[in-house]
2 protein chains.
Amino acid sequence: MSQSANSPQPNIDQAEDAVRATGARMTRPRVMVLAVLLEAERALTHTEVEARLPRAAEVDRVTIYRVLEWLTARGLAHKIAGDDRVWRFNAAAHAHAGPHAHFQCSDCGEVICLQEAPARPALKLPAGYQPQRVELTVKGLCAHCVPAKPRARAAARHSH
Amino acid sequence: MSQSANSPQPNIDQAEDAVRATGARMTRPRVMVLAVLLEAERALTHTEVEARLPRAAEVDRVTIYRVLEWLTARGLAHKIAGDDRVWRFNAAAHAHAGPHAHFQCSDCGEVICLQEAPARPALKLPAGYQPQRVELTVKGLCAHCVPAKPRARAAARHSH
DNA sequence: TTATTATTGCAACTTTATTGCAATAATGGG
DNA sequence: CCCATTATTGCAATAAAGTTGCAATAATAA
C-alpha cells in the first residue's frame, strides 16, 4: 500500500478505510480491487477489473475472483448477473442505498444502476414460495450502441 | 418422428405442428427438444433438456444448443438469464402472452413464470439510452428449498 | 428419384469461473 | 522489534457452459 501515504488516488485511501472497517486483514489485492471499483463509473466484469488494475499491483486472476466475492460478502460491492452470463460488480458506495433498478445494454452488455426503486407490485407466488427481493432490469441499448449499432458484442469493451 | 403416428405423447404432435407452422424444415431434434419443453413444468437448462430427451432421440449436445436458439428466434421458446449464468428455456406456449415476471430460487436456481405483468414504472434512463423491455424477477426460495434448505446449489436438480 | 442445401454430428476450442494446495504475508503476543 | 499463527495469495489444474469449423446427413422441391 505504498501509494496510500501521499496518494494521488483518493479511491485507494477510501478503499483502505472500507477494508479496515470490516475488521478483516487489509491486503493489497482487496484494496486495489475495491479502488478500481470505486473509480469505475459502471459495473465492471472480472476481466475489466483485471485490465484496470495497475500492473504494479500484480494481483492474480484467481485472487481477483476471490476478492470480488469477498467484497460482495462483506457488502462492499454488489454482484450483478447479466444476460451474457458474466458477473459484474460495482462498489456498494456507488449503488444508491436501498433497492434500485439496473439497465443492461443488450448489445455490449454494459450495466449501470438506475436511481429509481421499483414500485414493488404485489406479485403472487405459488404456495410455499418465499420471496426475498425483487429485481428490475431494463434491457435496451446504451448510448454507445444506439445509433449505428457498432456491434461490440462482448463484455462491454467500449473505449469509455 | 416415428412416435408421432399413434403417439402416447401429445406434446410431440403439438411440437410437430408448431415446427411445421414455421415453414422451416421439420427435424427430429427440433421436434424432440420442443416436446421436452412443452412437457416441462418450468424453464429448463440446456443440460436438463439433454437429460430429458429419450436416449432414442440421439440428439447431439451442440444440436440442442442450436435448436434452443432456433426455437427462441422463431418465438417458439423463451430464453431466460438467471443468477447462475445459465440460460433457461421454456416453451412459448407456457409463457403467458405478453410481458410477465419471473421467479428464481436463489438456492437451486429454479425458474418459473409468474402471471402478473410488471406495473411498468417510468424509469428514467441517462440521455441517449434506449429502453427495449423491462424484466422483473423475484428472487427467493422455491417450495422445495424453503423449509430445511436442503442445499442443492447447482442448476435445479430437484427430483420433481 | 435425384439434386439442393438446410441441419446435424463430431471434435476441438473459448470463456468464465472454481478448486487444491503449497507459499506468502498480515496481524497479535511476547 | 521479532516470531508464531493462520488468513490470503499465487499457481496449476479442472470444471461448466457455450461456440466454431467443417464434413456427413437428411428434408424438401423438382
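Residue numbering restarts at 1 for every chain, and letters A, B, ... go by the order of the sequence lines.
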B:R28 side-chain N/O to C:dG9 phosphate OP1/OP2 under 4.0 Å: yes
Nearest-nucleotide comparison on DNA chain D, the residue closer to the 5′ end among A:V59 and B:R61: A:V59
Nearest-angstrom distance from the residue atom CZ of A:R66 to P of D:dG10: 9 Å
Integer-rounded Å distance: D:dT28 C1' and B:M26 CE: 11 Å
Atom-pair distance (CZ on B:R25; C1' on D:dT28), nearest Å: 6 Å
Pair B:E69 + B:R74: basic N to acidic O under 4.0 Å: no
Gap between atoms CD and P, on B:E58 and C:dT7 respectively (whole Å): 21 Å
Pair A:R61 + A:E50, salt bridge at N-O below 4.0 Å: no
Sugar-phosphate, base or nothing in reach of A:R30, heavy atoms under 4.0 Å: sugar-phosphate
SB check A:E135 B:K139 (cutoff 4.0 Å): yes
B:D84 bridged to A:K79 by N-O distance under 4.0 Å: no
Sugar-phosphate only, base, or nothing, as touched by B:W87 at under 4.0 Å among non-hydrogen atoms: sugar-phosphate
Among D:dC11, C:dA17, C:dC10, the one nearest B:V62 by side-chain distance: C:dC10
Candidates D:dT19, D:dT9, C:dT16 - which lies nearest the side chain of B:Y65: D:dT19
Length of the CG-P vector between A:D60 and C:dA23, whole Å: 16 Å
Length of the line joining A:I64:CD1 and D:dG10:C1', which is rounded to integer Å: 12 Å
Nucleotide nearest B:V86 (side chain, heavy atoms from C-beta), chosen from C:dG9, D:dA17, D:dT9: D:dA17
From C:dT7, D:dG18, C:dG20, nucleotide with atom closest to A:R85 side chain: D:dG18
Gap between atoms CD and C1', on A:E48 and C:dA17 respectively (whole Å): 16 Å
Touch class at under 4.0 angstrom, heavy-atom based, for B:E50 against every strand present: nothing
Contact under 4.0 Å: B:T27 side-chain N or O vs C:dT8 OP1/OP2: yes
Rounded distance in Å - CG (B:L71) to P (C:dT8): 10 Å
Residues A:E16 and A:R28 bridged, charged N to O under 4.0 Å: no
Pairwise 5' ranking along DNA chain C for B:W70 and A:H46, keeping only the more 5' one: B:W70
